Enquirer: 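Quick one: the structure is below, questions incoming.
Quick note: numbers below take in every heavy atom, side chains included, and nothing from hydrogens, waters or symmetry partners. Chain A is the first sequence line, chain B the second, and so forth, proteins listed ahead of strands; every chain is numbered from 1. These numbers come from a predicted model, not from an experiment.
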2 protein chains.
Amino acid sequence: MATLADVARRAGVSQATASRIINGSAKPVTERLRVRVLAAVEELQYVPNAHAQSLARSQRSAIGVIVHDVSDPYFAEITRGLQRVATEHGRLVIICNSYRHPERELEYVELLRAQQAAAIILAGSGYHDAQFTRSLNSKLQVYERTGGRVTVIGRHQHASDAVMPANESGGYLLGAELFRLGHREIGVIAGPRLLTTTTDRLAGLRRAARDYSRPLRHVAYADFDRDGGAAAAASLLAQRPQLTAIAALNDSMAIGALAYLRSAKIEVPAQISVIGFDDMPIARDVTPALTTVRLPLAEIGARAMTMALDDSLRDRPPRIEEIGCEIVRRESTAPPP
Amino acid sequence: MATLADVARRAGVSQATASRIINGSAKPVTERLRVRVLAAVEELQYVPNAHAQSLARSQRSAIGVIVHDVSDPYFAEITRGLQRVATEHGRLVIICNSYRHPERELEYVELLRAQQAAAIILAGSGYHDAQFTRSLNSKLQVYERTGGRVTVIGRHQHASDAVMPANESGGYLLGAELFRLGHREIGVIAGPRLLTTTTDRLAGLRRAARDYSRPLRHVAYADFDRDGGAAAAASLLAQRPQLTAIAALNDSMAIGALAYLRSAKIEVPAQISVIGFDDMPIARDVTPALTTVRLPLAEIGARAMTMALDDSLRDRPPRIEEIGCEIVRRESTAPPP
DNA sequence: TCAACCTGGGAAAGGGCTTTCTTCAGCTAC
DNA sequence: GTAGCTGAAGAAAGCCCTTTCCCAGGTTGA
């Protein structure tokens, strides 16, 4: 691997000069040397060692992102937004999948600190686990104290900059929509109990139930994915066949529920309504097209990255951006039969 | 940020000793010092600077992956496989989205070289662009010459280790399935002409057409995504309403086609059959469930990462792994009306 | 008792780059 | 002619680690 010293030697200049030319430093250099050095760079196919640069400059540039799983459409969309902004700013993004293992999240914070990440963006749901939250917070604080920036998406347990999707009011919208249509007994497919996203959305749903004076007795907790949704729909209906609507706390689970209902030959929305949450891109392409609560996922990602990169925020009180959601009515909901 | 020197000072030992203890070096150290150093690490919340380590060890560890777009389900699945294997080996993955801009691919190769990536995995389709291919090849060769490993997925233009999805024979399967069902005039929704994935799959399809002595006159080229597929389906049918089947060269486009057909009130598969390619997870959840050619995407990713990490392959002739595909019959195909 | 050998620990040399501090040549100005 | 600049280039320090090499003190064996 060619080094700067090689380039300098070949061009017959000092390393200092070579470095200045390659980095377009402010210090003026004669055109003659510039040409020679650039020629040497070309001939040797020289690329500066990023680690050495980062060490010498002691300036951080990469941005770390911790998600549950990039291949989940929810995070894929958020990541798309994150990447767009990062690329615009010429920043490298390091993506870490925690696969919903809290310990792995802790490990990744350390890893990103070791990598001298300029900022860490936590893009997965928070956990109801006081001990974990404490150790995560302490790790994040250490990171911030050493100059790192932290931005979270939808986690209220951390005193850092945050982009907060309106999970609670989205949950309310979800419930209100069904109750307004006249449904009285609805089944809820919730995500893992441990996730704050689940409880936030559920809280909104419960509030809607209170406002409309409806019970909310049938809640099934499942994995936040398609198969979890399918299984939960099955168990919900086995337990309570009279349900006229199913509210899933994310689209993946709603799609799973649709799959189950199709296999069980139950008509949607004629016999039962289904509503989701998130409005992932695929929601409009399933049949019936999914009524859901829209969250502008890519925008959430973009905003989080923008905050993380905004250095003027340094040493100010954490800023919180609320992101609203809206109902998107498609074909999977109707009044009860 | 605490440094090793801080730790050593606090523990009252030399940096050398501290380093040895922290890294669990082979050199024996007394228990007394070990305890003191680890305590200092804990108190200072010390994390070694990864850049300094990489510099000192001059050993590469991260793996670079260049995809078109992680948020595309096709790449999301591949990436999932890649990540799984990388994590098992304790390797960091740097994901780069080229968004199908060849120049950006070139830039990312440089960037990954600068980052001292141990390997680069090129996971997007190749381009029909001789000049680009040449410059990419030359950049990759430079990278390999300096000890980097290159693994490509589905690109035949590079003389490196490769995982090759059977795009051509998958295309054949695609066509054969429709012709066997009795379709005589089929419309093809192809991806961008510039991509080798498009032409490979199309070549298989043409071969099937020859074998079954059927014409293949209606090919629409479009973006490799849902909206491209919808637009292409519309133009195909505007041009030739008698078509009884549409073969899309990937599932996203097939789903777009289904969306268009639904909006145009054309029944699938009663009036027209639709077949896709890839078998993305969502293919089974659209209605009608999509008949498609299955490619084990996550496994492709896993194999590519395994090859990239397999050091025993160093200095051997490049290894090529073929990955077969199979037809998955669901509900979007039927004999012509 | 002394040479030969371990052993655990430290000093210091890198690794590749940036950047400050110097140096030196070439000018201007008196 | 020389003091005083200015501008361009180089020397060298420093970023944070790892690892080789070396040393002192303690063992062992003859």
Enquirer: Can you list, in residue-number order, the parts of residues 4-16 of chain B that come under 4.0 Å of DNA chain C, counting heavy atoms only?
Expert: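 Close to the strand are B:Val13, B:Ser14, B:Ala16.
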Enquirer: Could you walk me through whether A:Leu122 and A:Leu140 pass side chain to side chain contact (heavy atoms under 4.5 Å, CB included), step by step?
Expert: CA-CA 10 Å; A:Leu122 278 172; A:Leu140 291 177; 3.8 Å; yes
Enquirer: Hey, what's the ring geometry for A:His51 with B:His51, parallel, tilted or perpendicular (30° and 60° as the breaks)?
Expert: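 Judged by the thresholds at 30° and 60°, the geometry between A:His51 and B:His51 is tilted.
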Enquirer: Between atom CD in A:Gln116 and atom P in D:dC16, what is the gap in whole Å?
Expert: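 Rounded to whole Å, this separation is 9 Å.
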Enquirer: So does B:Lys27 reach the base of C:dG8 with its side chain, donor to acceptor, closer than 3.5 Å?
Expert: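 No, no donor-acceptor pair under 3.5 Å.
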Enquirer: Do you know which of A:Asn137, A:Thr151, A:Thr133 makes side chain to side chain donor-acceptor pair (under 3.5 Å) with A:His158?
Expert: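 Among the candidates, only A:Asn137 passes.
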Enquirer: For B:Leu55, is there any backbone N or O sitting under 3.5 Å from a side-chain donor or acceptor partner on B:Ser58?
Expert: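 No, B:Ser58 side chain to B:Leu55 backbone: no donor-acceptor pair under 3.5 Å.
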Enquirer: Do A:Arg100 and A:Tyr127 pass the side chain to side chain contact (heavy atoms under 4.5 Å, CB included) test, and can you show the C-alpha distance, the side-chain angles, and the key distance before you say yes or no?
Expert: CA-CA 9 Å; A:Arg100 297 217 164 84; A:Tyr127 302 88; 4.1 Å; yes
Enquirer: Would you say the base of C:dG8 and the side-chain of B:Arg32 have a donor-acceptor pair closer than 3.5 Å?
Expert: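 For B:Arg32, whose side chain was compared with the base of C:dG8, there is no donor-acceptor pair (under 3.5 Å).
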Enquirer: Any N or O donor-acceptor pair under 3.5 Å from the base of C:dG10 to the side chain of B:Arg20?
Expert: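 Indeed there is one.
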Enquirer: Rounded to the Å, how far apart are B:Asn23 CG and D:dC16 P?
Expert: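 Atom CG in B:Asn23 sits about 17 Å away from atom P in D:dC16.
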Enquirer: Quickly, which of A:Phe75, A:Tyr74, A:Tyr99 forms a ring-ring contact (aromatic ring centres under 6.0 Å, His included) with A:His68? Name it, please.
Expert: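 The option that passes is A:Phe75.
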Enquirer: Listed in order of residue number, which residues of residues 34-59 of chain B have a non-hydrogen atom at under 4.0 Å from DNA chain C?
Expert: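 Going residue by residue through residues 34-59 of chain B, the ones with a heavy atom under 4.0 Å of DNA chain C turn out to be B:Ala52, B:Leu55, B:Ala56.
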Enquirer: To the nearest Å, how far apart are A:Ile21 CD1 and C:dC17 C1'?
Expert: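 To the nearest whole Å, that distance equals 15 Å.
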Enquirer: Using only side-chain N and O atoms of A:Thr17, determine if any of them is under 4.0 Å from OP1 or OP2 of D:dG10.
Expert: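 Affirmative; the distance criterion is met.
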Enquirer: Could you walk me through whether B:Met305 and B:His89 pass the side chain to side chain contact (heavy atoms under 4.5 Å, CB included) test, one step at a time?
Expert: CA-CA 10 Å; B:Met305 183 58 78; B:His89 291 253; over 6 Å; no
Enquirer: Would the number of heavy atoms belonging to other residues, nucleotides or ligands and lying under 6.0 Å from CD of A:Gln131 be above 12?
Expert: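 Open: at most 12 neighbouring heavy atoms sit under 6.0 Å from CD of A:Gln131.
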Enquirer: Can a salt bridge be assigned to the pair A:Arg80 and A:Glu77 using a cut-off of 4.0 Å between side-chain N and carboxylate O?
Expert: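 Salt bridge flag = yes for A:Glu77 with A:Arg80.
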Enquirer: Give a yes/no on whether any side-chain N or O of A:Ser19 is located under 4.0 angstrom from OP1 or OP2 of C:dC17.
Expert: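 Result: no.
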